[in-house]
Amino acid sequence: MGLIALPIGFCAAIGLILAANAQDTAMYVHGLMFFVGSILAGFWVIKSTTGAPKAAAPKTPEGFNDGVVRAGVIASTFWGIVGFLVGVIIASQLAFPVLNFDLPWTNFGRLRPLHTSAVIFAFGGNVLIMTSFYVVQRTSGARLAGNWSPWFVFWGYQMFIVLAASGYLLGVTQSKEYAEPEWYVDIWLTFVWVAYLLVFLATLWKRKEPHIYVANWFFLAFIVTVALLHLVNNLTMPVSFAGSKSYILWSGVQDALVQWWYGHNAVGFFLTAGFLGIMYYFVPKQAQRPVYSYRLSIVHFWSLIFLYIWAGPHHLHYTALPDWAQTLGMTFSIMLWMPSWGGMINGLMTLSGAWDKLRTDPILRLLAVSIAFYGMSTFEGPLMAIKEVNALSHYTDWTIGHVHSGALGWVGLVSFGAIYYLAPRMFNVTRLYSVRMVSWHFWLATIGIVLYAAAMWVSGIMQGLMWRAYDGLGFLQYSFAETVEAMHPFYVIRLIGGLMFLGGALIMAYNVYRTAKGDQRTEQPYAVSNAPQAQVQGAVS
């Protein structure tokens with residue numbers, strides 16, 4: 001306990017010093033948060049070490065540490081609701097501007113980064129941490145490395161989320177897409193991420209299986225590359241070590257290039273490689289079928305991680321970036337079609353011999369449709385990277401539709417499938433509270449995504465065409481205000497789609513809560529394919 005008490009005490013002292021010498025409100029609030037969080041961590045450690053033996057890290061019969069995975073299921077579900085709710089709020093503000101209230105912390109400018117970070121890093125990040133900890137233990141045949149280290153990763157990451165989110169509401173931001181937290185929050189995340197990497201590597205190091213399963217390669221690429229992206233993109237110089245403001249070391253077009261090298265590869269490795277690790281484990285497990293082609297999965301991995309890292313410049317078409325760099329980004333983006341669709345085909349073909357289960361297993365249905373959205377998004381992304389297409393699509397709602405079809409359709413659905421798979425296993429019950437509710441969630445989420453993405457596709461293409469329309473005299477035919485007015489119906493449709501997606505997530509949260517309590521809803525199972533027609537009608541009524 002002495003070794004643990006030292007860093008906790010150091011963190012508490014740092015938080016108190018920052019709060020006492022703070023030069024702005026954000027640093028004062030965050031210093032107090034850090035101090036209080038360290039004190040709570042100290043009490044938790046004392047309770048865990050002095051209580052009954054069962055109060056320590058729980059073990060499964062195989063000796064695995066699933067306590068942190070269980071906490072991840074709860075945290076992922078909670079942060080998902082928060083992120084989707086804030087998304088609905090800002091969608092409402094865009095459709096009905098009167099909802100932008102005078103309070104500074106409720107306006108669109110502060111809530112928008114809160115939404116993106118909550119969905120990507122809070123929801124998605126917790127899903128990745130919990131699934132990687134679960135998968136690496138099962139595929140390595142080894143208990144998660146460390147006793148306190150996995151818990152530091154989990155609780156340290158929650159502290160990062162709270163610091164970042166509260167900073168946005170207080171107006172503290174670096175103004176870098178997907179990298180808004182200020183310098184001291186970035187430093188804290190660096191410590192947490194290094195611990196995450198070490199725990200994962202140490203578990204692989206002591207594995208009992210000679211082979212490293214492909215899902216672990218994807219998880220490892222995600223962890224290592226995100227660390228590199230984070231360090232380079234967030235190199236800053238604080239104005240004062242007692243203040244929240246800092247300045248990025250990069251400037252001008254170099255800053256833009258570094259930012260979109262980071263931004264595109266945050267999508268490529270955080271939202272793609274990490275979740276492909278989830279796909280390669282949970283789809284075969286839920287379908288009870290082996291991976292269609294393990295050789296293809298290895299080709300998928302190496303080609304994806306090599307090509308993705310070069311594609312960032314396609315975000316900077318028609319800017320001050322040299323034309324050769326723009327063309328390089330476009331070329332590698334088009335080449336990404338091949339490995340991306342190879343992975344999609346591998347995931348879908350894993351269902352060979354198990355397609356009938358899609359009618360009776362809504363969890364497998366979530367996973368299968370997520371792979372379909374992955375294929376669609378990885379087709380659309382390279383298409384939008386082509387300069388001629390980008391000239392129409394860039395800065396329009398088409399990009400918003402593309403991002404959300406990937407974030408909600410691919411990342412969201414595969415995450416929901418993983419949560420549903422893990423919930424009964426983590427809470428030691430035989431099945432979910434309600435399988436029927438999973439089906440309700442599936443349809444609400446899928447229809448919501450289709451409404452959202454389709455509305456933004458139509459709105460974005462219309463927006464781009466209106467921006468480039470000229471009258472007979474060579475003047476712009478439409479003012480900016482006219483384009484905004486024309487998009488209003490599609491903003492309302494987007495709001496409806498977002499509400500449906502949020503409604504599905506709320507159903508999931510209730511389902512997980514009742515599962516954790518050990519409750520099981522009395523419901524008839526889905527009909528099997530060889531059941532008599534009358535029996536089928538009765539079972540699904």
Side-chain angles (χ1 to χ4, degrees), residues 58 60-62 64 66-81 84 123-124 126-131 133-135 137-138 275 278-279 281-289 351 354 356-371 408 411-448 500-529 531 536 538-541:
T60 64
E62 299 85 2
F64 299 137
D66 282 345
V68 69
V69 181
R70 186 180 304 110
V73 171
I74 298 170
S76 301
T77 305
F78 171 76
W79 289 117
I81 297 298
F84 306 144
F123 170 65
N126 272 290
V127 169
L128 288 170
I129 290 172
M130 75 165 181
T131 52
F133 281 169
Y134 180 86
V135 171
Q137 293 185 93
R138 267 66 185 181
F275 288 92
I278 296 176
M279 180 195 80
Y281 182 84
F282 288 95
V283 171
K285 292 293 286 187
Q286 189 67 22
Q288 297 179 329
R289 301 285 299 172
L351 300 175
D356 60 299
K357 294 183 179 180
L358 292 177
R359 296 191 297 113
T360 59
D361 186 351
I363 300 175
L364 189 61
R365 206 180 305 154
L366 280 166
L367 295 170
V369 173
S370 76
I371 299 171
L408 301 183
V411 172
L413 294 188
V414 77
S415 298
F416 297 150
I419 290 172
Y420 283 127
Y421 178 91
L422 290 173
R425 291 166 173 81
M426 292 301 100
F427 297 109
N428 299 316
V429 294
T430 56
R431 67 171 178 85
L432 285 166
Y433 166 69
S434 173
V435 177
R436 296 268 170 180
M437 284 187 175
V438 179
S439 187
W440 302 345
H441 182 190
F442 167 79
W443 287 111
L444 278 172
T446 303
I447 296 172
M500 294 180 70
F501 198 85
L502 173 62
L506 288 170
I507 290 175
M508 179 187 72
Y510 179 74
N511 206 351
V512 170
Y513 167 70
R514 294 297 296 270
T515 301
K517 289 182 62 180
D519 299 336
Q520 291 189 355
R521 185 170 179 260
T522 302
E523 55 188 21
Q524 291 181 331
Y526 282 91
V528 294
S529 57
V536 171
V540 300
S541 60

* Hey, can you tell me if Y421 and Y134 have their rings parallel, tilted or perpendicular (30° and 60° cut-offs)? => perpendicular
* To do: Flag the pair F416 / F501 as yes when their ring centroid distance falls below 6.0 Å, and as no otherwise.
  => yes
[X] versus [Y], closest heavy-atom pair with distance:
X	Y	result
M437	I507	O-CG2, 3.6 Å
V435	E523	N-OE2, 2.7 Å
H441	A505	NE2-N, 3.7 Å

* Structure fact -> So salt bridge (charged side-chain N to carboxylate O under 4.0 Å, His left out) across residues 506-515, not counting sequence neighbours, yields R514-D519
* Do the side chains of L351 and L364 get nearer than 4.5 Å, heavy atoms only? -> yes
* Starting from the C-alpha separation in whole Å, work towards a yes-or-no answer on ring pair (Phe, Tyr, Trp, His ring centres under 6.0 Å) for F123 and F78. => CA-CA 8 Å; F123 170 65; F78 171 76; over 10 Å; no
* Asked: Among all residues two or more places apart in sequence or in another chain, which pass the side-chain contact (heavy atoms from CB on, under 4.5 Å) test with Q288?
  -> K357
* **Main-chain N/O of Y433 paired with R431 side-chain donor or acceptor, under 3.5 Å** => yes
* Asked: Looking just at side-chain N and O atoms, do T430 and Q520 make a donor-acceptor pair shorter than 3.5 Å?
  -> yes
* **Partners passing side-chain hydrogen bond (donor to acceptor under 3.5 Å, both in side chains) against T522 (at least two apart in sequence or in another chain)** => none
